Protein chains: 2
Amino acid sequence: MKPKLTLKQIARELDVSVSTVSKALRDSVEISEETRLKIKAFAKLYNYKPNNIALSLKNRKTRTIGLVLPEIVHDFFATVISGIEEVANQKGYNVLICLSNNSFDREVMNMEMLANGSTDGFIISVAKETQQKEDYHHLEEVINQGMPIVLVDRVVDQLTCDKVIIDDSEGAKNAVQHLIDSGCKKIAIITTVDYVSVGKLRTDGYLEALTSNNIEIDEDLILKIENVDQSQDEINEFLLTREVDGIFTVNEQFATSAVKAINLKGKSVPEDVLVFSFSDGELSRRFIPSISTVDQHGAAMGAKAAELLIERLENTVEEENFQTALVKTSLIERESSRRIKSSAV
Amino acid sequence: MKPKLTLKQIARELDVSVSTVSKALRDSVEISEETRLKIKAFAKLYNYKPNNIALSLKNRKTRTIGLVLPEIVHDFFATVISGIEEVANQKGYNVLICLSNNSFDREVMNMEMLANGSTDGFIISVAKETQQKEDYHHLEEVINQGMPIVLVDRVVDQLTCDKVIIDDSEGAKNAVQHLIDSGCKKIAIITTVDYVSVGKLRTDGYLEALTSNNIEIDEDLILKIENVDQSQDEINEFLLTREVDGIFTVNEQFATSAVKAINLKGKSVPEDVLVFSFSDGELSRRFIPSISTVDQHGAAMGAKAAELLIERLENTVEEENFQTALVKTSLIERESSRRIKSSAV
DNA sequence: TTGTAAGCGTTATCAG
DNA sequence: CTGATAACGCTTACAA
């Protein structure tokens, strides 16, 4: 076991000073060709690599991005990470990931842990609980300390920082419009409780689509779910007791549950009911029938977030000139919304 | 914007020395009650937090774990991360994540990036390409430098370090045995190419199960796939041209493709063919029919890996006394393997 | 009880 | 051209 080589050791070995070694390795013109080559050869031979921690301390920059996410076993967040990691790595940054598990306390702890020098800035998608509490002091504090933050997807309007969002409401509207265009007259929505910002926005999009097509809004066709995990029963009961010909859901999980509920009724998707869902992932792609989705382009969102953050870290952007990047959604039509026999219209 | 407070500033402010402040904050008995309280009050008031980077440099410990994974948009790895993160955070460690995207070069780069002081140790699941090349010099180098490594899931036998694996072969064997017990006579396997260590082991388990039940091995019922993404066609062709009553697949994706292929044939799962898959995830849980799986307990594997690494980092374990933790698999029986009408036997 | 100084590994400034 | 020195923020002998 050979411990890591340091400048000091090289200096001692070659009988020069530490600063000479440092300069030689950085190709300073101050150093004679001869010593420079000698030092570089030695360093290469013994595979010298400067110590990141020492550099961080010196430069007061870690070249590390702190990423705080609500969860990770979830296609969307996983793709976001991919996008961030891709850009970050390519620009020489590392990504320090913490999971809040949707808990406010853990989010606060994580941020405190990282804010003390471990990272240069943050990319955050806030926890559900945080949105519910509407307590953002931990975010404000970090911003006040001069660390840039980029919020992704689950953003907080009242914070002054860069944001990356998709047009949740428009995406939802387009999906519902698609159902309407396919002849649906009675379209239900299965969504989350309102304090989840994106759930609310998607619900808004649903309402807008109906309104702009002069379809009366029926509160009885709106199901708001608190907890995804225990939702199948709720969804079954909801759909068994209502007659609908189209269903819009705010995530893939709800969509598959809806299909099951419809099957339970002895009907099927898409023959009797069309289904369109927000969030594209493997589940939608592989389900039978495959589920039509609103693609959120998670990787693109992540990449954009990383770019915004790095721009700020490297000051290539005006101070105080925060932007909100809007990543476009797109519809991916699959079997679940393809009208087969014209049962409607 | 108030930049971070340092010991030096507190010292200047209170007109004492830096070391007095440092000691007071660490409750040293050397410091008088009076000054200690004064300093602590001040620090608390202005929310002083020591700088992690400086601590890291001083202690030559970062309390950071480097995690290098092949991919992340994949339920299994996502659960592994969750498990690691959980344990790490609870023990005061951070997790620095890098993705290799299954590329050897990226894996090497990532490790070099993190090995220069950024982390105290590594948890790694090696890239497919690395397993193919069988080039592990980057891992050996890190080990030689005295940084502990824990390999997870995709391990490398010839490396001397801690490992966390599941009994892939036994899990597969149990699953196939289950199919046999359910009356299957002609069981096909859809697996990966052999250089993927876990694919190979699962294939071995399949073979073992057949052999120990005196079922002749039919090479024609073994399909080895290189690339998951383009596999549907291959699987269709494979299953359309063979008569089988049971299928074992090494991942969820193959299982869903198999179900589709069977449907294409005008048959169905589980009525005509039973399906059992390795790897449990949301896809299996929600698919129709829901897929029976071998649960890998990813979170448990991650947690175990983090524990092993941290033990080593904190020297609570004998040097050179490496262990291979074997996490037990378990079968989760769902619809896809539940015999409905006894078409077989 | 408090303070000084050295050191963690680097780099930058300034002298020699 | 080379080297000593200080500094990044912190801890810890060792002095005072």
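As the structure is a prediction and not an experimental result, all values here were calculated from the model. Just so we're on the same page: letters track the sequence lines, and every chain starts at 1.
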Distance in angstrom units between Glu13(B) CD and dG9(D) C1', rounded:
17 Å
Distance below 4.0 Å between Ser17(A) side-chain N/O and dA4(D) OP1 or OP2
no
Give Lys23(B) one of three labels, base, sugar-phosphate or nothing, depending on what nucleic acid heavy atoms sit under 4.0 Å from its own.
base
Can you tell me if the side-chain N/O atoms of Thr6(B) get under 4.0 Å from OP1 or OP2 in dC8(D)?
no
So, the side chain of Asn47(B) versus the backbone of Lys49(B): is there a donor-acceptor pair under 3.5 Å, distance only?
no
Which part of the nucleic acid, if any, lies within reach of Val18(B) when heavy atoms closer than 4.0 Å are counted: base, sugar-phosphate only, or nothing?
base
With a cut-off of less than 4.0 Å, is there a side-chain N or O of Lys8(B) near OP1 or OP2 of dC8(D)?
yes
Between the two ends of the helix from dT1(C)-dA16(D) to dG16(C)-dC1(D), what is the bend in degrees, rounded to 10 degrees, where each end axis spans five pairs?
70°
Of the candidates dT1(C), dT10(C), dT12(D), the side chain of Pro50(A) sits closest to dT10(C)
Starting from P on dC10(D), measure out to NZ on Lys58(B) and report it in whole angstrom.
12 Å
Glu30(B) has its side chain closest, among dG7(C), dT11(C), dC14(D), to dC14(D)
Heavy atoms only, 4.0 Å cut-off, all strands: where does Ser56(B) land among base, sugar-phosphate and nothing?
nothing
Donor-acceptor pair between Asn51(B) and Arg60(A) side chains, under 3.5 angstrom:
no
To the nearest Å, how far apart are Leu37(A) CG and dC1(D) P?
12 Å
Between Ser22(A) and Val18(A) (side chain of the first, backbone of the second, donor and acceptor by atom type, cut-off under 3.5 Å), is there such a pair?
no
Phosphate contact (dT10(C) OP1 or OP2) by Arg26(A) side-chain N/O below 4.0 Å:
no
Salt bridge (Lys or Arg N to Asp or Glu O under 4.0 Å) for Arg63(A) and Glu314(A)? Distances and angles first, verdict last.
CA-CA 10 Å; Arg63(A) 294 193 80 80; Glu314(A) 305 189 340; 3.8 Å; yes
Hey, which sits more toward the 5' end of DNA chain C by its nearest nucleotide, Asp15(B) or Ala54(B)?
Asp15(B)
To the nearest Å, give me how far apart CG (Leu14(B)) and C1' (dT2(C)) are.
14 Å
Could you give the CG-to-P distance, from Leu7(A) to dG3(D), as a whole number of Å?
14 Å
Measure up the Tyr46(A) and Phe42(A) rings against each other and bin them: parallel (under 30°), tilted (30 to 60°), perpendicular (over 60°).
tilted
Identified side chain to side chain contact (heavy atoms under 4.5 Å, CB included) counterpart of Leu114(A) within the set Leu96(A), Thr62(A), Ile97(A):
Leu96(A)
Pairing of Glu311(A) and Lys91(A) as salt bridge, 4.0 angstrom limit:
no
Does Tyr48(A) place a side-chain N or O at less than 4.0 Å from the phosphate oxygens OP1/OP2 of dG9(C)?
no
With a 4.0 Å cut-off on heavy atoms, is Ser19(B) in touch with a base, just the backbone sugar-phosphate, or nothing at all?
base
Would you tell me if any nitrogen or oxygen in the side chain of Ser22(A) comes within less than 4.0 Å of OP1 or OP2 on dG9(C)?
no
Asn51(A) CG - dC8(D) C1' separation (whole Å)
13 Å
Protein-nucleotide distance (Arg60(B), atom CZ; dA6(C), atom P), rounded to Å
18 Å
In this structure, how many angstroms lie between the P atom of dC8(C) and the CD atom of Gln9(A), rounded?
10 Å
With no hydrogens and no angle check, do the side chains of Asp153(A) and Ser125(A) hold a donor and an acceptor under 3.5 Å apart?
no
Using a heavy-atom cut-off of 4.0 Å across all strands, would you classify Leu55(A) as base, sugar-phosphate, or nothing?
sugar-phosphate
